[in-house]
Amino acid sequence: MSQSIAQPMLDIHALYKSFNSVNVLNNINLRVMPGELVFLIGPSGSGKSTLLRCCNRLEEPSDGAIIVDGINITAVATDINKMRQRIGMVFQQFNLYPHMTAEQNVMLALQRVQKKSATEAREIAHRELTRVGLGARLTHYPSQLSGGQQQRVAIARALSLGPKVMLLDEPTSALDPQLVGEILQAMMDMKKEGMTMLVVSHEMRFAREAADRVAFMEAGQIVEIGTPAEILARGPESRACQFLSHGH
Amino acid sequence: MDITGLVDLFFNGAVAQTYLPDLLRGAWITIYLSLAIVIAGLVFGLALALIRLVSNKAVVWFLRLFVDCFRAVPPLSVVLLLYFGLPSVGINLSAPWVLWLTLSLILAAFAEEIFWAGISAVGPGQWEASRSTGMTNAQTLRYVVLPQAMRLCIPPLTNRALAISKNTALGTAIGMPELLNEAQTALSFSGNATPLIMAAILYLIIFMPLMALAGSLEKRMAWGART
């Protein structure tokens with residue numbers, strides 16, 4: 001493997017974020033390699049979502065650098081709208097556009113940002129929606145879809161732009177328990193296709209089984225990081241181990 | 001008074017025939033003035049709401065002052081002030097212009113508040129989702145936020161636009177020959193109330209279709225609603 005010379009796909013370097021002089025992120029350093037699935041876990045308020053949202057600058061970092069696919073997205077000269085096409089994001093509340101059908105949700109940025117023709121955008125939308133198992137729901141509105149289906153449309157919307165890295169912010173937290181599986185399956189499929197992913201989630205069982213590495217955050221810092229096996233081997237004096245071994 | 005006397009006073013065919021052309025001319029003025037007011041008021045109101053969206057606190061403060069003033073003042077007082085007051089500082093606006101300006105500004109003030117409420121009601125998640133796909137703020141506003149805001153805005157905007165258009169009848173106070181003014185003139189000349197009944201009917205003919213139009217717009221924008 002050429003893993004040793006590979007560049008990280010996502011490189012978070014000395015990242016700080018404060019809201020009104022409260023330090024929410026405190027010197028975060030994290031490298032996510034291409035194709036890697038990294039889980040961010042930790043108690044609420046530890047800064048997991050803020051860290052994730054800094055990675056496409058939905059939150060502006062106070063200091064530090066975030067380099068995606070070799071480009072520093074925190075630099076002033078960087079066209080963030082261009083970079084965001086390479087950074088897919090999936091939200092806890094799906095955030096689909098309620099006035100648009102599933103296919104229109106996917107087509108919008110393809111047409112308006114990537115300037116594709118309607119025909120081309122529709123083809124891509126159909127392909128991506130079929131890939132997440134929604135080929136028969138193209139013209140349904142979000143209100144006509146289940147939560148799991150809505151989240152899969154959101155995943156298709158993000159994937160359609162051809163991102164290099166996917167950020168998933170508690171993608172299953174708003175779902176009924178019986179719908180969680182289909183989203184985890186979609187994440188497994190992305191992983192199989194080599195997508196780089198940074199995930200904030202409380203699905204500990206999935207983290208244990210599917211994550212390449214788990215980063216445990218507390219009070220704005222990554223205090224432990226390692227493969228699930230490494231962390232589980234640390235025993236009950238490790239907070240990360242306590243977190244990872246509990247829950248479902 | 002017997003029933004024939006009543007019919008003679010309120011539904012007099014001869015009087016109706018005599019004054020119909022005058023009333024139609026008045027109705028025409030009412031129609032185009034109303035249209036001009038609704039268009040200008042809504043465009044200006046939306047513009048104000050968008051300015052408010054991108055402005056700093058000081059600009060927003062002035063904007064709200066303007067909006068609150070025009071929402072609070074009775075339309076007639078503004079009409080009279082502009083028509084009888086402005087000439088003393090050398091500005092002479094004709095009656096239709098005074099009426100158009102006054103009512104457009106008042107409608108804009110109300111429309112701004114309605115548009116602003118509609119835009120604010122679209123949650124931050126919609127902005128974030130759109131921005132996360134590389135859409136600019138302007139694109140997000142146009143394709144994601146405004147279409148959703150419009151659905152919320154249409155019922156109150158329709159109410160307000162109709163209510164303010166009907167104030168074109170204030171033109172009668174500054175001698176503008178719109179529908180009500182023509183009806184009053186006809187009433188004085190004929191000594192018969194039929195022209196007022198005709199004016200009422202013409203107002204219904206003008207404004208009822210607008211209500212129907214608004215209703216169908218609301219229905220058309222009820223996307224994805226389960227039936």
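As the structure is a computational prediction, the values presented were derived from the model and not from experiment. Chain naming here is simple, since letters A, B, ... match the order of the sequence lines and numbering starts at 1 in each.
Both the backbone and the side chain of A:Y97 come within contact range of chain B, judged by heavy atoms closer than 4.5 Å. Contact annotation for A:L167: neither backbone nor side-chain heavy atoms come within less than 4.5 Å of a heavy atom of chain B. At a 4.5 Å heavy-atom cutoff, the contact between B:E128 and chain A is made by backbone and side-chain atoms alike. Neither the backbone nor the side chain of A:L110 comes within contact range of chain B; no heavy atoms are under 4.5 Å apart. A:R53 touches chain B through its side chain: at least one heavy atom from C-beta onward sits under 4.5 Å away, while N, CA, C and O do not.
How far CE of A:M89 is from CZ of A:R84: 10.0 Å, rounded to the nearest 0.5 Å.
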Worksheet item: Which is it for A:E193 and A:R131 under the salt bridge (charged side-chain N to carboxylate O under 4.0 Å, His left out) test, yes or no, and what are the steps along the way?
Response: CA-CA 12 Å; A:E193 292 182 20; A:R131 221 157 67 150; 2.9 Å; yes
Worksheet entry | Candidate pair B:E113 and B:R160, rule salt bridge (charged side-chain N to carboxylate O under 4.0 Å, His left out), full reasoning | CA-CA 11 Å; B:E113 287 292 284; B:R160 197 44 76 173; over 6 Å; no
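Aromatic ring centres of B:F70 and B:F66 lie closer together than 6.0 Å.
Contact check for A:Y141 versus A:L96: no side-chain heavy atoms found under the 4.5 Å cut-off.
Of the listed residues A:L161, A:N95, A:I87, the one with more heavy-atom pairs under 4.5 angstrom with chain B than any other is A:N95.
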